[in-house]
Every structure is written in structure tokens, then in C-alpha cells.
Amino acid sequence: MSENQTKYTAKDFKSDQEVRWCPGCGDHAILNAIQRALPELHYDRERYAFISGIGCSSRFPYYMNTYGFHSIHGRASAIASGTKSANPNLSVWQITGDGDAMAIGGNHFIHAIRRNIDINIILFNNEIYGLTKGQYSPCSKFGSVTKTSPYGTIEHPFRPGELIIGAQGKFFARSYDGNIKLSSDIFVAAAKHDGTSVVEVLQNCVIYNDKTHEEVLGKENRDDRIIILEHGKKMIFGKDGNKGLALDGLKLKVVTIGEEGYTEDDILTHDAEEMNPGLHMMLVNMQYPEYPVAFGIIRRVKAATYDDQMVEQIAAVQATAKIKCVDDLLNSGATWDVE
Amino acid sequence: MSENQTKYTAKDFKSDQEVRWCPGCGDHAILNAIQRALPELHYDRERYAFISGIGCSSRFPYYMNTYGFHSIHGRASAIASGTKSANPNLSVWQITGDGDAMAIGGNHFIHAIRRNIDINIILFNNEIYGLTKGQYSPCSKFGSVTKTSPYGTIEHPFRPGELIIGAQGKFFARSYDGNIKLSSDIFVAAAKHDGTSVVEVLQNCVIYNDKTHEEVLGKENRDDRIIILEHGKKMIFGKDGNKGLALDGLKLKVVTIGEEGYTEDDILTHDAEEMNPGLHMMLVNMQYPEYPVAFGIIRRVKAATYDDQMVEQIAAVQATAKIKCVDDLLNSGATWDVE
Amino acid sequence: MNKKANAVQLDEVTIRFSGDSGDGMQLTGTLFSNASALFGNDLSTFPDYPAEIRAPQGTVGGVSGFQVKFGHKEVNTPGDYCNILVAMNPAALKANVQWVKNGGTIIFDSNSFEPKNIARAGFKTEDPIKELGIEDFNIIPAPISNLTKEAVVGLGMDNKSILRCKNMFALGIVCYVFNRPLSFTEEYLENKFKKKPDVITANKLVLNAGYNYAETLEALTPTYEVAPAEIKKGKYRNMSGNQATAWGLLAASEKANLPMFIGSYPITPATEVLQELAKRKDLGVKSFQAEDEIAGICTSIGAAFAGNFAVTSTSGPGLALKSEALGLAVMTELPLVIVNVQRGGPSTGLPTKTEQSDLNQALYGRNGESPIPVIAASTPSDCFDYAFAAGKIAVEHMTPIILLTDGFLANGSEPWRIPSMSDYPEIKAPIVKEGTKDWMPYARDEEKMARTWAFPGTPGLEHRIGGLEKDKLKGSVSHDPINHEEMTAIRDEKVKRIANHIPDLEVVGPKEADLLVVGWGGTKGHLHTAVNELLEDGKSVALAHFNYINPLQKNVAEVFARYKKIVVCEINLGQFANYLRMNLQQFQYLQYNKVQGLPFTVIELKDHFNKLLEE
Amino acid sequence: MNKKANAVQLDEVTIRFSGDSGDGMQLTGTLFSNASALFGNDLSTFPDYPAEIRAPQGTVGGVSGFQVKFGHKEVNTPGDYCNILVAMNPAALKANVQWVKNGGTIIFDSNSFEPKNIARAGFKTEDPIKELGIEDFNIIPAPISNLTKEAVVGLGMDNKSILRCKNMFALGIVCYVFNRPLSFTEEYLENKFKKKPDVITANKLVLNAGYNYAETLEALTPTYEVAPAEIKKGKYRNMSGNQATAWGLLAASEKANLPMFIGSYPITPATEVLQELAKRKDLGVKSFQAEDEIAGICTSIGAAFAGNFAVTSTSGPGLALKSEALGLAVMTELPLVIVNVQRGGPSTGLPTKTEQSDLNQALYGRNGESPIPVIAASTPSDCFDYAFAAGKIAVEHMTPIILLTDGFLANGSEPWRIPSMSDYPEIKAPIVKEGTKDWMPYARDEEKMARTWAFPGTPGLEHRIGGLEKDKLKGSVSHDPINHEEMTAIRDEKVKRIANHIPDLEVVGPKEADLLVVGWGGTKGHLHTAVNELLEDGKSVALAHFNYINPLQKNVAEVFARYKKIVVCEINLGQFANYLRMNLQQFQYLQYNKVQGLPFTVIELKDHFNKLLEE
Ligand SMILES: Cc1ncc(C[n+]2csc(CCOP(=O)(O)OP(=O)(O)O)c2C)c(N)n1
Ligand SMILES: Cc1ncc(C[n+]2csc(CCOP(=O)(O)OP(=O)(O)O)c2C)c(N)n1
Ligand code: SF4
Ligand code: SF4
Ligand SMILES: [Mg+2]
Ligand SMILES: [Mg+2]
């Protein structure tokens, strides 16, 4: 895509619509993060299209002063795929919730990812259906008590990153609502990546699933329970910056530098661009308390995108085609004259 | 499930319906393999329910002298989940094609797997839509020329095993139509496994995608291009039984025993029961020519099943419940008398 | 509680409680309604939630309301306009003033009427009362916030917790005005907050403070009394439409002696049906929250195949998604109840509002000739009976059936006399027994034309079903042209024959009259009230309200023939009217339609009927 | 090619080619048809595929047929019954004998009539001719297999390849009988097998062998001649319904000057629409094979949002799945053409057979008040025109529109005079230009009531659309009751106004008559032929065939009023008849319905109409 001069501030992306999320909802922060990210991207404002399904999170497009489409539940990936194919010159963003993307929208979601169509999917994961007032989602923790699971769920939750990689995901990153800087940096990277990029943002629903991420993201302990990965950098974390991830056979292991003989050299260096998904899979699957939860860009690998190839294939065929218009077509092949 | 005396032969599972697949279609062999497997299982015949979607492969239930349901395109996983939940005492099998399971049926497929409901899914993968006469499927190789891709597809195919593991798959095995013994053994193991088991069977469609698996499965070279994994056994393959898989950092490597200093000790031992999916993911992703393609039971790990837990949860609640019938319910909670 | 001497006797009263979403107005309304029910009034309630997303505090978009009408006669609607509005903030006043009867009473929290809140609510001046032109209403400003704070002084509560008790102050006021004992509410608080004695204390203090405040307040005297209604003796409970639907299905499952399975996906305003059933593990319910609506119905079809009493619940957009699978249920002739709680459409439409516009979809929304019976409930509590009826038809006639309710019924509630299950008929499932000789899956009984049901697991009955056309006896796939024509006719006739098993259409009012009002489903309360009032005025009018839609009852033509004019009233553009036109072409149908996401008002109905009578 | 002296002149002839799925009967039929077209006959063809799965060789289930009727007058149907049946094996004879005219000619491969094959076909005796009771037909056994082998002796071909040429032998025979030059077929073979000269040689040899064999065969003399039809001068090509649909859409996209996007999922019998468009990368078509039908329509909606000419194609079960998203297209008022190629229902039904039973679904299969225009094509080649018309309406009226065709049209074909695109009207998309001041997304033009279309990428027109109810001007979300009622009325009226932009209903036959035959969609050829024949017999009958269904044309009532009786003929249980009842209640409608997965026959139509005329 062609790029222009920076000319926007976050404010330019605010629409005139009153923001209607609950006070304290994590969605507000994510909205801020996107509005902060876009000015970094140098696209003209009219080239953005924000497309969502249904859910609290999916109200998002109304709050963006860009083109927007608040569609129907679960179908945003398909609609966004159509929009991007129809006009590859647009910067297309899908906004979706854990229910919207992974319950009813699961099929379109994995197929968009498989096709590697160049859209940016921001997945607001609050592990609950917010808009319908608190039923469990496919991401709710095992045993969650919700309105439809009064005795606790009996379902194993999806781990979004794992499913995405299983669906041939080429770009996966994780952030959380509270970290606007991290989110906004990741959104910029996601937009710059060619192909489907999925960013899971852990988001707090104050009303129906308050503090679901607290164990990991609570301010107290956060530094010891999360790791923010950066491509090319050592996998180091912790309040004191002395913990790290090392390899133990085929598994990952948390070690403390300077203890049990571990030095910084033993710590793995993050390679987001490795094609083989093995290690990335382990990283997305890390769960507290055994591991810190991984944030940042976990996987970012290059591959042909659907929209580019569509354009190229059409151009290649047209370059040598005999049929240039419908009249040509109608008169092509077997015809005969009646006189 | 309770077990009975063996009392059946393959013939007992043949229905009176004329088998209507093309002569030479790989489906015939898979039918044979299932009819050979069932007598090993000791269930009474009436406890089997075969449930399919739509596709050539999905005609399968008609040919089985068991309960059967030839449903609608893509929905077999959901229907089978309902049948199993309604009567956990049944042995429920889903028969599906690559289009049925992974195109239109993708969402139900990954959710059944995630829930780990105890059904056996046999996925006939011919990398094409057979019944509709030859359009590409989500599993068709990149660049495939088909009726809907006259200039070659521009889509990255799913690798079923990878998607299944990404969806929290607990049992995944791979076989091919030509190997009735292998298929039948795997079907028996799949049935014995508690939880969703998915068996991908590489199947040849002689009419619309002939020889799509030939490069790997062609008789000539097959032995050097596939590896049949067995739990607890070394990962050895090749015509001469001297090739094997070893670890190279975080990656797999094909080595020849006795060459470059490799001995049998360097060869990995297959552990299908390892919970961490990292290595299993690498195994399902092995592609010729870099690697041999893996067959056999690649992953088989234990986890709570949806149907068991549903039964247990109901039993636990009922054990102490005050409400035993609808009259109790109607009279429970806040009521008042009008006199 | 001392009965006040100067209490004014009223026939019926409508109160609307309104405030911010967080103000607890639904609870306040419910508690007041329950107290009134306990007192012996008949009543009807309806909550008016804000649209899906909680708007910022203090804005009109975030206002939540709850209306209750109670009376000493039969009460069939929650009332068009209210006599009393309780408004907890300026936004609540603004949003609801249109629903107050001319000259009605407005009690509001005067502490919240300060400039910031007034501006937030979108008033242009600082005097909302004047701006709204309601100076001559009975305006009662009450310093609710401040008095609430005072009431709990010394308990050491933080401000937020204190303000959460405001609603109890309002409730206290209203209880005083209508002479309702506080005991019921106090009991409720004690049960609800068992583990938080502080909360109990605080709430009780505030409740009583409100009561006492009202007593000392001149503006409120005289107090009112709505005498108990003369309602049938018995044990009562409050029932909302969704709860009644869920329970009616449970009743059918019990009477059919089949385990219950519900496969469903949450959607407003149908979600509570799933939620109610998910609670009922005690009754063995298998509730399956599916990944989407398609899986909702497909798991249910799978469960029906396995021999369970199978149900799926949804609202309009979800029913659309179920269309394809509905056809499979038609073709496989499996029993299945589809509950559709209608909301405003098309598309996502107005999800929290009521409408009757899914009738066409229920009747025709499938490929091919795909007949499905359709019935509709008409009051919150009769959802129980029609859910039961749907279950009975499904199982006995071996067919999917669609039960239509709507947002108005679903969320509305009314007192319900608890029946005994022994009053309900058995449901006889045509299950094939083990050992049945020469059984054929698609052979059917002569009368109902229902096929029989063989459960997987039964030895000797192994068979295969599916979505392809079936041989009319063996059920195997058949491409035979004549067989297809016969099966098409059979499926059609099977649904038509249900008419032999349902009660006749009954009419409210005279057997012959100038005007027959026709309605169906959730409009019954309003139509009934309007027609009753016209009858009291001596007008020549009657009401034929439909619960059975496909097939129509057998006596409909005979009923219609007795009236000079027929007007079909619906919350849509005339879907039932058109359905009548094609089924009973011999009559002329006038239409009265409203598509505002709201129920009819009795007033507008009466006006319209009067006009028709004069023409 | 020498014109034979003793050739008998015929007005029209119907031939049916039949054999195993692998016998190449579709190709044989197509080549013969093309040769006839080239010769100047008018014609109509229809393939009769076996049901979805290839049955084992030699069984009745595996028989594939191709029927062509050609004549020197206008030919509107592929013929009810055939004059000549070509049967390549016993199963083909068995499956098709019911379609041979009494006393007709049956040419069969006598070599294939050996015991094994006879048994496979399900004959009980060894003499199929006798068993079928057709001894007095004109039975012509020809040793096709053996003579084919002889013809290529010495070419060193394997048996399988040789037998693949059998169909050319049969073609040769028929070409001789009807005096068709072989040159056309030879040219075809040369083109098709350019890279396989051996195959060309073999096929040509066999073709000529068949021709020569027929010449020497007494039973076939005299030969027949069907003189060229007097058809309009011009350049012609053969068109099947699905191809015509795809190309008509391309034409609309070109005339609208918008790039074309199709999001679709394969389904019988609609798949070729997608396939045809997937080929057209030369014309810039973006074809998106989606993961399911929902994604098919949703990608198209996304493309329409982005400013493409968007299309989605499917058949009944797929349309059911698109129901919910159709509502979104209605609400967002985006242009979108939905092609639905009807097949036998309900559910999977009879996927390879034709039916007209998706009309209800097209009209009503959505939640809420969700009006969508519906039009239907009526011949294989006029699919082009109605696809074009659908595109024009969609874009100019800013609406989704459903185009109905059916399996009979989709697979049938007929010669088509190639038009020039300059004969087609421009399509004017109401696109908003950059710089438009004070633009509002839901403001609309007075006449059509279409809103305007702002493409993402245009500076200054940033806006948001969606499935929630819209403010009638700004397009933002609105929960206002009155706005909802107005928008409901606007959406309804917008579709009704299309009636101002479509041609009037035309009648075939007299302006007034005893009987008006009414049909719609794919039955036109048969109805037309039947009515024409009755008119020739001097009967008082006329035909009103509908292509525009919603809205109806403005003159329909006026037309209907001129006839004594109206009979509505449909391949369903009466969906259009019911639609007419509710729209034009003042008329009485008789019905004539058939639901066998087959088109009407002209004979049964005439019989029925004659009966009605006599009553
Ligand atoms: C077809 C359909 N089914 C169901 C719904 C009801 N519904 C709306 S949003 C939602 C789930 C929302 O959860 P999520 O996507 O996680 O978003 P959140 O509200 O948590 O941000 C559901 C079930 C709907 N609108 N449409
Ligand atoms: C709702 C719906 N959409 C589309 C179809 C058409 N259809 C039938 S089978 C099929 C794909 C079959 O492919 P696969 O599942 O791989 O089975 P195979 O025939 O290859 O065994 C399609 C697209 C259908 N029957 N129903
Ligand atoms: S309900 Fe939860 S997710 Fe929705 S706006 Fe409120 S806090 Fe946010
Ligand atoms: S079309 Fe292909 S998959 Fe289908 S029956 Fe024939 S060979 Fe098998
Ligand atoms: Mg959520
Ligand atoms: Mg396939």
C-alpha cells in the first residue's frame, strides 16, 4: 500500500457517537489504543474500514471516524474478507469478541486465517458473552459458573492462539486492555504485516466476568506472571528481570538467571519469524502458574496473501486474454450464423 | 461402556443397500475397514449410530446395518454430539469428507473436538468435493486446478491434524484407504478411546482428484515416504528399516541409522500420550519430501469427556436435589395462597 | 401495618419505576409487584430495558424501566400509561414522561436533579419540569439520595454502597402510598443477603426510611388502596413468559416420559429459556450450549433421533439460521420443539423490543414444500400451556413444531395459579417396541399419519434416516417421481390433520356482532382489555384470538362468517392477515398494524375499533 | 453430404440418448444438438443426470440421459416423449422406455444386451423387449460395440479406449437418419483433442462407421428431414441456463461499470454459475469460493459495501443458510444479486431434480419485515436477460434481489441469438461523489426511494452501517419507535416502487378468453407450447407467464379481470397461487400442481386445460 504523510492524531479517529460501554469496561482502553495506533500508519483516513460482528466489543466501529460496518453475529471475518477482496487498497480491520469469533463465527475465522487474507483481526477476549449478559463462551475457564452453567462448565476452553496457529495462522500477538502502549504498538505491527494478523487482547468485563484475568494481570504480581516477547530479544521477564525461558528437552522451562547454574546464554531468543510453529505453539500455550503468560508478537511469518494473489492472477490472465468485454465473450467459442 | 461377547463378523454390518460409489473409489476400502473393525469391539450392533453429513463419503451410513443418519452438509458433528449426549450408551461414529468437516462443517467440527465428546470421527480426505463433481476443498493442495479454480487455487490448505490439535484434539490418527489393516486397527483404537477421536483417512477420488496422494502413497516409493508411528516404538521407517526421526534442536530431522554417526539410540520413541502437543504438532505437519508423512495414532491423551461429565453433573445435583418432578418445581420458591 | 382511614379506593393503578441501569429498578418493580400479588391483586408487569449496551450513567440511553399494573379486577396488560412515575434521575424522567397519564403523579429524586445530571439527560434548560411542560402534573420531588445517606449514617458504608440502597427508599415510598406491608420485602432481603447481614440492615433501614418519609409527606396524602381481586382460590406464583415456556416444556417432557434435551445458543430475548433449563439438572435436563444456532438445532435433532424430548430456543435471526436444519427435521419426521421469541426486525433490528414479524419465517422460511405446525402463546403465563401443547403435538404427531412467543411476553410477568401436573394429559410417544415384526420406519398410523419412532439401542430396529427424499414405507432413499409427489402430500396432510386434535377457536363477546377483532399471540392482553371495555360500553364487538396458526382450527370459517367486519390486529405489517387471505379467501380482512417495537395500547385499539364501528 | 431423395419431412422430432454415466451421452447429445442448430433448426435440450452418486456400471441408477427436441418451427420445450431412443445398454432401455412415444423407434447396442447386463439392469427375463411389452415399437438392434471395435482395428488401442468411442458410432447413426453433416462433429473432435491425434482418428473412424452402417441398414430407411426453422437472422450460440445466468450477471456488471465479485459455495444444480464466473478472470471477476453459503453471501455483502457488483449463487438449502444475512442486506440497503437455482425439497430432497418450491422461502424466509424483490427466469437463454434485470434492479434500487431459476432451466439449453451489449440499457449506480456536501447515508431519492452508495476509500464520506435499525436519514442506530415504523414502511415501499420500472405483464393469446393459464419461471416452455397448441385447436385460452414476482407488475389485476377462469400451474403445491390470493384477493384461482421432480408435460397440461374448458 502506498503511504502518506503523518497527518492525524488520535482525535481524528473519534466519531461523534457517544461511547456506550459500561464504565470500567476494558473496551474503552482498547479503543484508545487503536485510536493511538492509526496515526502511526500513514494511511488516509478514508481507507480504513472497521468491520465487526455482534457483541459489546462489536459496537466498536460506531466510535471510529472511519468507514465501518457493524454486521451480524459471527460473520465479520467473511464480510471483511469480501471487503478486502473487493478493494485490496483498503486497510480492513475486524473487531470481534471471543463469542463472536470463536463460537458462532469460528468457521469464518479459521478460514480467513487459512486464506491469509490481509485483514487485521482484533479479538477482545473477556471469556464471556457480555452483550447477552453473562453466558459462558468457548474461552471461559473450565468449571466457570455463569448464567448458562449454574453448576460450572464442563467444556475445555479454546486457547485462541493455539487454534489460530492450528488454522495456519501467520501472525498472532497478545496484549491486554490495561497496556495501551503495548496494544497500540502491536496494532501498528499487525497493520504492517501482510496477511491475516490476529491480536488477542485480554479484556475485562466488569459486569459479567470481572477479574477473570486478574490472577495473571493483577498489578501486584503481573511482572512475575507475564512475559512480553520481542522478536530477536531474550525471553526474560520478572520484577527483577532475572527470570527467563530455557529449553528442557522438547519443553520450555522457567529458570532464574544466576540460579542452578543458569546464565543468560541459556535463555532462548524469541524468533517470531520462524516458519515452524512448534515453539510458537508452546509459547501461546504457556499458562500460569507453570509458566508466565506470553504477550507481544508471538508469531509473524511471511506467506502469500489471498488478496495479492487474486490481483496477480487476474492481471496475469488479462495480460494475454482474448476476451476483453462481454461482447467478446458472447461471441467466443462455438457460434453459427443464421441467414 | 459394558462389553459383550464377540459375536459378529464383518458381514453382520453390511446393509442391504447397493453400494453406490464409483468403481475404484477409495471409499469402498474404508467401508471394508470399518466393517472389519466393529466385530473387534464387542458392542451389540444396535448400539452403533453412524452419522454423516453430505458428500460421497457421507453416503456411508446407508451401507451399514446399524442405526444411521445421513444428515445435511456440515452438521454431522453437531448431530452426533446431540445423539451422544442424549444417549451416552451409544457408540457414535461420524463419517465426513474434507469438505463436509472442514469447509461448511468446520465450526461444529472444532467445537466437538474442543468439548471432547466421545464420538469417533472418520474424515475421508480426498482433497476435493467429490459429490458436486470436482471443486477444490479447504484441503486441496495450493495451486490445484479444479472446476472452480481453473487457474489454480490461491488458498493455503488446512492440515487436518494441525487444526485438530489446535482445537484441543486429544486423539488424532492418520491412515489411508489402501491399508485396510492399518485403518481397521486404528478404528478399533479410536472407538476404545474416551473422548473425541479423529481419524483422517487419505482417500483417492478416482474421478475428480485421481492420484492426489500418489506421490506419497504410490506403491513404488511408499515405504520411504511414510512412517507408521506406534506408541512406545522407535520412529523408524524406510524400505530397509534404517531411516528414523531424530531431534535437531527444536526440529525433527530424518536420519539414516549407521550414517553420519547416528545409531538407533538417537531415534525418537513415539509417545502418543504426551499431553504437550508440541511434538505431535511437528509429526502431523511432516510433509514429503522433507519428511515422511506420519500415519498411525499420532496423539492419544486422556481428558474428561463432555458426556461423562454431563452424566456426572446431573447425578451429583440429583443426589441432593429437593425438586424431583415438575410439581415440585412449580411449587418451589416464592408462592402465595389466595383463599 | 395500620390501615389508613383516608385511603382512596381505586380499581387499578399503573406504576412505572425508572432509573439508571444500575439503580435496581427491575428489582424494585419486582418486589413491589410481588407484594401486591401477595396482597391479592391481579397484575401484569413489563420491564423496559435499555437497548443492548449500557450507556453512560445519567443518559437517556441508559434508562431502565419497570411497569406494573395491578387491580382488583382481572388485569390483562401492564397498562398503557402510568398513574405514577418514579424517576431516579433527570434522564429517567425525560425517557418516561411520555408514558405518564395526563396529570399523573411523578415522584423523583430531587437530589439527582442538579445541573450536571440535567445536562447529561439532554435537557436544554435547568428546569426539566418546565421544559417538559408538566407543571400541572402532581410533581413530588423527594430528596431520596440524601435521605438514603442519612438513614444509614453510622453504619460505616462507602458512598457507592449507600447509593445502591436508593431504590429501597423509593420502594418504601410507594409501599406507603399503596398500603403495602414491608414484611414481604424484608423477608426477601433477609434471604437474598443471608451472608451479608450489613447489607440487610442497611436496606431495611432505607426501606423504612422511605416508608416513613412518605407518611410525613403532605403531597402524598391521601393514600390509595386497590382492593384484592376476586381471583380463583389456589396457590399462586409469579411467572414470566420465558420461565413459563421453559417449565411448560419440562412438563411435556415429564408427561411424555422422555428425558429432556435442549440445544441452544443465547440470544435476546430468548436466552432465559435456555438459562431456566440449564438450572434444571435436578430434573435431569441435558442443556447443551451450542457454538451457534445451527448447532443448537442440530444437536437437538441428534437428540430426537436418540429418543429424547428435544427442544431448541432462539429469536428471529437465530430462527433464520436454523432454516436449513428445520427442513431436515421435516424430512426425518422427528419430534422437535423450536421456541422462537420474536423481537424487532429485520436483521439485528431492535433486539430488546417486541414484534410479531417472524410469523412468515416460521410458516415459510425453508426450502421446498416444508410444512411445520406453528402455535403461539398469548400471555406470560399461558406460555406454559402452549409450550406443553407444542411438546404434545411434536411427540404425538412426530413433527417439528414452532412455538412463537415475543419479547413482550418473554419479559412480562403475571401471577399464575399453580396447576397440578395431574391436570395435564398424558403424551403418548409412538415408540416402536423391541421385537416389533416387519417394522418399517416410514409406515404411519392412519389417523394422525405420524410415523413411528425407533430408538437407537433397540435391537432389531436398525434403520437409516436422512435428508434425501424417502420411500414412503421403507424410508430408504427414493428418487421415484410418484413417491416424491406422494410424500409431499403426506407431509402436508400430516400437519393439516393436527386440526383434529386441537380445541376449537373461542370468541370473547357475542356470537354475532358488527366487528370481530382478530389477533394472535402476544397481543391478547391488550386486545382483550380493549374489547372488554367496548363491550362494557355496549358496543357490538367480539374478539377471536388465535393460538393455533398452522393448521388453523376447524371452526374458523364458521366463526368468521358470523361477523360483519373483521379486523386483524398485529405488531407487524399484516402477516397473519395475509395468511388468512390465502387460507380463507372468502372473507374480507381489515388490518390494524403497528411496528414500533412496542405493544398496542388499549387506548389506540379502542379508538380504532370505535372508528370502524362508526364507519 | 448427398441429400437423400426419399427423406420424409417432419415438423419436429425428439431424440433421447441414454447410456451408462461413462458412455458419453451428454456429449453425444450436445454434438447432435449443435449440428442441428447449425443446420438451422430451433431446438431445446435437457440432460437427465443420475442422482448424485455414480451407481455401479450397468444399473438403472447409473443411467445418464440427454433429450433434444428440434424442429422447423419454434421449439419451446425439450419434448415430453421422444420419437427416438438411443439406448447403449439394457439399463438405459429400462430407465427410459417410459419416455418413448407409443410405437416410437428404439435403437440399441445389441452387443450389450447379454445376460449379465440384462440381469444387472434388473430385468427378470432374458428378453427385455418382450418383458417391457414393446415388441410393436420400431426396434432397431445395432451391434454398436462390435462395429466400433472393428472400425478401429489396427490402431492398436486398448479395449477401454475403444469402448469410449461407442458414443460416436451412435451419433453417426443418428446423423445419417436426420441428414446431418458430420463436418461439425469432426471439427469439434479436432479442436478438442488437438494434442491427441490418435483419439481424433479413432473417433472420426467410428463416427463415419456409424453413419455408413445406418446407410446400409434397411430398418432405418426412409431417413427424415426436419427443415430449418424460420428463425431470426443473426449469429447464434447454444446457451444453458446456468451459463446464461452467469453471463447475464457479467453483462450487468459491465453496464454498471462496477467490478464483479461472486462469493459462493458449490451446490447442485447451481454450481456452474460459480464455475462459469471463476473462468472469467479475463473480465476481472473476483470469484471467492467460500467455506459455506453463509460466508458466500457475507463476503458478497462485504464486497457490495466496498463498491463491487456483488453476487452470490446457490440452491434451496443454501438459500436457507443465507436467510439471516439476507436480512442484513435488507437493513444496510446494499445492492446484491442472489441467484437461487431451485431443486426438489424439502431438506436435501431430490438434489438433481427440478422444482419451483423455493418461492415461499425467497419471499418470506427471513426474520422481521424484510422485503426483497424476487424475479424468475423462464427459459435457459432468458436467464441472461433476467440476470441482467436483477443486476439492474439491485444496483439502481439499492437492494438485495433474488433471481429464481431451477434445475430444468439450469441444465437445459437452447440456441440463442447473440445480442450486442449496445442493445442493453445502462445501469446507473447511485454512487456518491467525493466532495458531496452534507451527505447522509440513509437519505434517499424521491422516486425510487433508493439510498445512495458511498464507497470506502472516498474522502469525506466516512460512515457506519449495520444490522440494527437505522435512523431514517443519518443511518446511525435508532431505537426510536416512530422511526422504526417509518423505516419499516420505507423498506416495504421501496420494493413496491420497483413496479414503476418494469415492463407490463404480456399475454399470449386473445385479450379475453374462457381460461387464463398462469405460470411463472421455468414452466414457460411447456405452458407456452400447450397454450399455443390449444389456440391452434381453436380453444379460448391464453397464457400469462410471470417473471416479475415481487413486486407484481402494475397491470396484473387488469389482465386477470378479462378472463373467466384462472388456473395457476406450478411445480409445487401452490405457492404462487397463494401469493396471488393474498395480493389480488378479488380473483378465484384454480391450481394445477405437480411435484415429481420433473417438468410438466405438454400432454398433461393440454388434457387438464381441455377439462377446465369443458367444465
Ligand atoms: C444470530 C445471533 N445469535 C445470537 C445473538 C446474541 N448475541 C449477541 S452478542 C453474543 C455474544 C457476545 O459475546 P462476545 O462475542 O464475546 O462479545 P462481548 O459482548 O463479550 O464483547 C450473542 C450470543 C445474535 N445477536 N445473533
Ligand atoms: C447446504 C449445502 N451446501 C452445499 C451442498 C453441496 N455439497 C454436497 S457435498 C459437497 C462437498 C462434498 O465434499 P466432501 O465433504 O469432501 O465429500 P466427498 O464427496 O469428497 O466425499 C457439497 C459442496 C449441500 N448438499 N448442502
Ligand atoms: S457488559 Fe462487560 S463487556 Fe459489555 S460493556 Fe459492560 S463491561 Fe464491557
Ligand atoms: S466421485 Fe470420487 S469420491 Fe465420489 S464416489 Fe466417485 S471416486 Fe469416490
Ligand atoms: Mg466476550
Ligand atoms: Mg472430499
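In this text the structure is predicted, and so the values were computed from the model without any measurement. Just so it is clear: chains get the letters A, B, ... in the order the sequence lines come, proteins before strands, and each one is counted from 1.
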*Asks:* Non-hydrogen atoms of chain A under 4.5 Å away: do they reach the side chain of D:P228, the backbone, both or neither?
*Replies:* neither
*Asks:* For the residue pair A:Y67 and D:F455, is the inter-centroid distance of their aromatic rings smaller than 6.0 Å?
*Replies:* no
*Asks:* Given a strict heavy-atom distance threshold of 4.5 Å, which part of D:I297 is in contact with chain A: side chain, backbone, both, or neither?
*Replies:* neither
*Asks:* Below 4.5 Å from any heavy atom of chain A, which atoms of D:F261 appear? Answer side chain, backbone, both or neither.
*Replies:* side chain
*Asks:* Taking side chain as everything from C-beta outward and backbone as N, CA, C, O, which of these in D:E291 sits under 4.5 Å from a heavy atom of chain A? Side chain, backbone, both or neither.
*Replies:* both
*Asks:* Given that the side chain runs from C-beta out, which part of D:L334 has a heavy atom under 4.5 Å from chain A: side chain, backbone, both or neither?
*Replies:* side chain
*Asks:* Please state whether the side chain, the backbone, both or neither of A:R115 comes within less than 4.5 Å of a heavy atom of chain D.
*Replies:* side chain
*Asks:* Which bit of D:S300 is near chain A, if near means a heavy-atom gap under 4.5 Å: side chain, backbone, both or neither?
*Replies:* neither
*Asks:* Using non-hydrogen atoms only, which part of A:F50 is less than 4.5 Å away from chain D: side chain, backbone, both, or neither?
*Replies:* neither
*Asks:* Select all residues of residues 75-83 of chain A having any heavy atom within less than 4.5 Å of some heavy atom of chain D, and report them by number, or 'none'.
*Replies:* A:R75, A:A78, A:I79, A:S81, A:G82, A:T83
*Asks:* Not counting sequence neighbours, which residues clear side-chain hydrogen bond (donor to acceptor under 3.5 Å, both in side chains) with A:N120? List them please.
*Replies:* A:S197
*Asks:* So what's closer than 4.5 Å to chain D heavy atoms on A:S332: side chain, backbone, both or neither?
*Replies:* both
*Asks:* For D:K255, which atoms come within 4.5 Å of any heavy atom of chain A: side chain, backbone, both, or neither?
*Replies:* neither
*Asks:* Under a 4.5 Å heavy-atom cut-off, does chain A meet the side chain of D:F305, its backbone, both or neither?
*Replies:* side chain
*Asks:* Of the backbone (N, CA, C, O) and the side chain (C-beta and beyond), which part of D:R417 lies under 4.5 Å from a heavy atom of chain A, both, or neither?
*Replies:* neither
*Asks:* Tell me, which pairs form a salt bridge (Lys or Arg N to Asp or Glu O under 4.0 Å) where one or both residues lie in residues 454-467 of chain D, sequence neighbours left out?
*Replies:* A:R45-D:E462
*Asks:* For the backbone of D:A37 and the side chain of A:W336, can you confirm whether one donor and one acceptor N or O come within less than 3.5 Å of each other?
*Replies:* yes
*Asks:* Side-chain polar contacts of residues 312-323 of chain A - donor-acceptor pairs under 3.5 angstrom, sequence neighbours left out - could you list them?
*Replies:*
residue: A:Q313; atom: NE2; partner: B:Y151; partner atom: O; Å: 2.9
residue: A:Q313; atom: NE2; partner: B:G152; partner atom: O; Å: 3.1
residue: A:Q318; atom: NE2; partner: D:D282; partner atom: O; Å: 3.0

